[in-house]
2 protein chains.
Amino acid sequence: MAGGSYRATDNGQMEERSHVNLKQLSQMLGLSQTTVSRALNGYPEVNRETRERVLKAVRETGYRPNKAAQRLATGKAGSIGLVMPTAPGHPSDVHFSEFLTGLGEEALRHDFHFVLTPADPNDEVGALKRLAASGNVDALFITYMRGHDPRLEMLKSLSIPFLVHGRSFGTEPDYPYLDIDNEAAFYDATKLLLQLGHKRFALLNGPIYLDFAIRRKNGVTAALAERGLTLNEACVSHTAMTDEQGLFAMERILQLDERPTAILCSSTVLALGAVRAINQAKLKLGEDISLIAHDDVLTLLKPENFTVPLTTTRSSLRAAGVRVAERLIGEIKQLDTFPEQELWKTELIVRASTGVAPAE
Amino acid sequence: MAGGSYRATDNGQMEERSHVNLKQLSQMLGLSQTTVSRALNGYPEVNRETRERVLKAVRETGYRPNKAAQRLATGKAGSIGLVMPTAPGHPSDVHFSEFLTGLGEEALRHDFHFVLTPADPNDEVGALKRLAASGNVDALFITYMRGHDPRLEMLKSLSIPFLVHGRSFGTEPDYPYLDIDNEAAFYDATKLLLQLGHKRFALLNGPIYLDFAIRRKNGVTAALAERGLTLNEACVSHTAMTDEQGLFAMERILQLDERPTAILCSSTVLALGAVRAINQAKLKLGEDISLIAHDDVLTLLKPENFTVPLTTTRSSLRAAGVRVAERLIGEIKQLDTFPEQELWKTELIVRASTGVAPAE
DNA sequence: GTGAGTAGCCAAAGCGCTTTGAGAAATGAG
DNA sequence: CTCATTTCTCAAAGCGCTTTGGCTACTCAC
């Protein structure tokens, strides 16, 4: 009994060392592995007293079932997999992490974890396949949807549940998704600007292959079309969602002959750069030029904190993360059936960056 | 042979369905599981021809070993675990995600993935324990180190390799870490400001229980002490690293009677708020007041993009992520032995936000 | 007292992989 | 031609868990 302290002793004392396994535990208790397992997993055919003894022993030993073994035996692992788009030089993305925070918040409540596979944006299909085949995840989740996204077919062929954040333009919407109504958001925003008398519009958008970018542009175009206006392609930019790109794009657009008076931005991050360009050009935001940005409710970048607070279309990316986790976990646990497809409306919040169009 | 297309056929044809397992694969090939496994894992005692046949079959079937089974059998899982501090209402943290991006970048190169366990910041010890006991990770990594961090003892008692990002003030440094020299960074920054003639200093710091905050403060104090100066506690704030907190803290400090002329910020995020407060007070940055911030090289917040570019102490958080992953993966694969402890120097980069102290 | 029914427990199979310990075949030495 | 080596391959055990299919008592009704 002397020697290594904290080790199992003959009288069935607990040990502090980490790895007790089922077998050892059941031996200590003089029970079979079956019974212990059942006691732990809440099966009814275990005597109340026995169960309590087991639970007590678990507490004392600090026993934790080995997840890999559990996974192997059940096929469930309590984890959801996602692909983290990255590559050397690929900028870290605040949008992604805001979303991740939401996922985490919900996963925490259910003792789930994620398996993050970093992947080159060009090999997401492969990364997903690997993740699914690894047998390490119960469900998959994808985002940054593209038009005609090739990942959808792949996911549908797998037998593992999945959920899409966003949609894939040009693909039959026969998959479970959670998306915001991007088209309506930008339609409404454009409409507001039209009502303020603006006629010349610019759009600082995300990469054109991304679904949300396509839909937002469509929203703008549709609203303009109702007034017989069109969107000048020279006033549209499709770039990565960074402030620098916003700056460059805006600088370029401000040099055009027929300078637009109304700017739509796909993110407050782009707006950050755009506003800088506007300031540098000595233009007054909300007077000389109006701007509406889409606000993902990023922790770091609050539209109300801009020198001139920004008018925005708002939808919390973090809340979307929470919801995605909720649905995915629910599905794995086979709790409820959720609506397959959700489309969230955005809010249009008017602040100081929008004003009546300047006189010609 | 008719019926389900894409299924294995007698002649050993490939199948498109995802889950082929070792047993099936070896049967197709007329080999034992042993041989196939060895062929795949690069053991020498396999005939060259046989190995090539195996590899070919793998390509055709899309066979992927089940990670859970592999894990169970070997004890290695190709994954590193980390705790993601989160809670409902807990703000998403750009610093964390910048770091994560670095981790991902390196993990990608080695086909590793992470297991992210979200945890309430108050239960990180518990979360780590769970993660380790789950048997799902090969190594652990912790960050947001605190003074006398309780997680260290716990990790040391585990048999799983780990790496610390940061250090724990007040604890014997007998654990593997990667840290930047926070004290030197802030010592140097303070010294620069002293040379410019500043006498009254303020420090916008992170939460005082965090190691880096302690050390940075020490750096400032040390530099001041050399000139017989002390840091007025009213001019020190310890807050979460958000721009809003930076704003509030700076507003408060600017109202003090003996207003400081030199500000040190623990992050460009805090600086973002601080600069806003300075602007609102109609003070000229770099003239009326000087500011040096620590720059983690956040994608979104480049000090050179501030209206008045910021003087900074710089060290890339992302690069740290890469390095941490590199070391951890190296250790798991037992490749090289790395230096146990690394302390990176920061760079002091002078831009426009620092200037000669205003005349009294 | 007998048979059906139930409560509580267990032994053993199986999840898909790696690895140990041998065995068969091929090669080389004497 | 024989025996020792080397080369390649395999059967089987084991990783830690869940789950199937009993088995043993015990209770209750008739």
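Chain naming here is simple, since letters A, B, ... match the order of the sequence lines and numbering starts at 1 in each.
Summarising the geometry, the separation between CG on B:Leu40 and P on C:dT19 is reported as 13 Å, rounded to the nearest angstrom. In this entry the distance linking CZ of A:Arg51 with P of C:dC9 reads 10 Å, nearest Å. Here the C1' atom of nucleotide D:dT6 and the CZ atom of B:Arg48 are 19 Å apart, to the nearest Å. Residue B:Leu22 contributes atom CG, which lies 16 Å from atom C1' of C:dG14 at whole-angstrom precision. Distance NZ (A:Lys76) to C1' (D:dG16): 19 Å, rounded to an integer number of Å. Nucleotide D:dT19 holds its C1' atom 13 Å from the CG atom of A:Leu72, rounded to whole Å. Protein atom CD of B:Gln27 is 14 Å distant from nucleotide atom C1' of D:dA11, rounded to whole Å. The separation between A:Asn66 atom CG and C:dG16 atom P is 16 Å, rounded to whole Å.
An OP1 or OP2 oxygen of D:dT9 is reached within less than 4.0 angstrom by a side-chain nitrogen or oxygen of B:Thr50. Look at B:Asn41 and you'll find a side-chain N or O under 4.0 angstrom from OP1 or OP2 of C:dT18. Dashed line: the shortest gap from a side-chain N or O of A:Thr35 to OP1 or OP2 of C:dC10 is under 4.0 Å. Within the 4.0 Å cut-off from OP1 or OP2 of C:dC10, not a single side-chain nitrogen or oxygen of A:Tyr43 is found. In this model, the phosphate group of C:dG16 is approached by a side-chain N or O of B:Asn21 to a distance below 4.0 Å at OP1 or OP2. Regarding contacts with the backbone of C:dT18, every side-chain N or O of B:Gln33 stays at 4.0 angstrom or more from both OP1 and OP2. For B:Ser37, a side-chain nitrogen or oxygen approaches OP1 or OP2 of C:dT18 to under 4.0 Å.
Atoms OH and NE2, on A:Tyr144 and A:His165 in that order, are 10.0 Å from each other to the nearest 0.5 Å. To the nearest 0.5 Å, atom CG of residue A:Leu103 and atom OG of residue A:Ser97 are 11.5 Å apart. Note: B:Tyr177 OH to B:Arg327 CZ = 9.5 Å, rounded to the nearest 0.5 Å.
Electrostatic pairing of B:Glu52 and B:Lys56 does not count as a salt bridge here, judged by no charged N lying under 4.0 Å from a carboxylate O.
Here C:dG8 is the nucleotide among C:dC17, D:dA11, C:dG8 with the atom lying nearest to any side-chain atom of A:Asn47. Counting only heavy atoms from C-beta on, B:Ala73 has its side chain closest to D:dC15 among D:dC15, C:dC10, C:dT20. Relative to the side chain of B:Arg38, the nucleotides C:dC17, D:dA11, C:dT20 differ in distance, and C:dT20 lies closest. The nucleotide whose nearest atom lies closest to any side-chain atom of B:Glu45 is, among D:dG16, D:dC8, C:dT18, D:dC8.
Scanning atom types as modelled, one donor and one acceptor separated by under 3.5 angstrom connect the side chain of A:Thr34 and the base of D:dT19.
Checking B:Val36 against A:Ala69, the closest nucleotide of DNA chain D that is more toward the 5' end is the one next to B:Val36. Comparing A:Gln70 and B:Thr74 along DNA chain D, the residue whose closest nucleotide (by nearest heavy atom) sits nearer the 5' end is B:Thr74.
Of the options A:Asp123, A:Leu128, A:Leu140, a side-chain contact (heavy atoms from CB on, under 4.5 Å) to A:Val83 is made by A:Leu128 and by none of the others.
With sequence neighbours left out, the side chain to side chain contact (heavy atoms under 4.5 Å, CB included) criterion links A:Ser32 to A:Thr34, A:Thr35.
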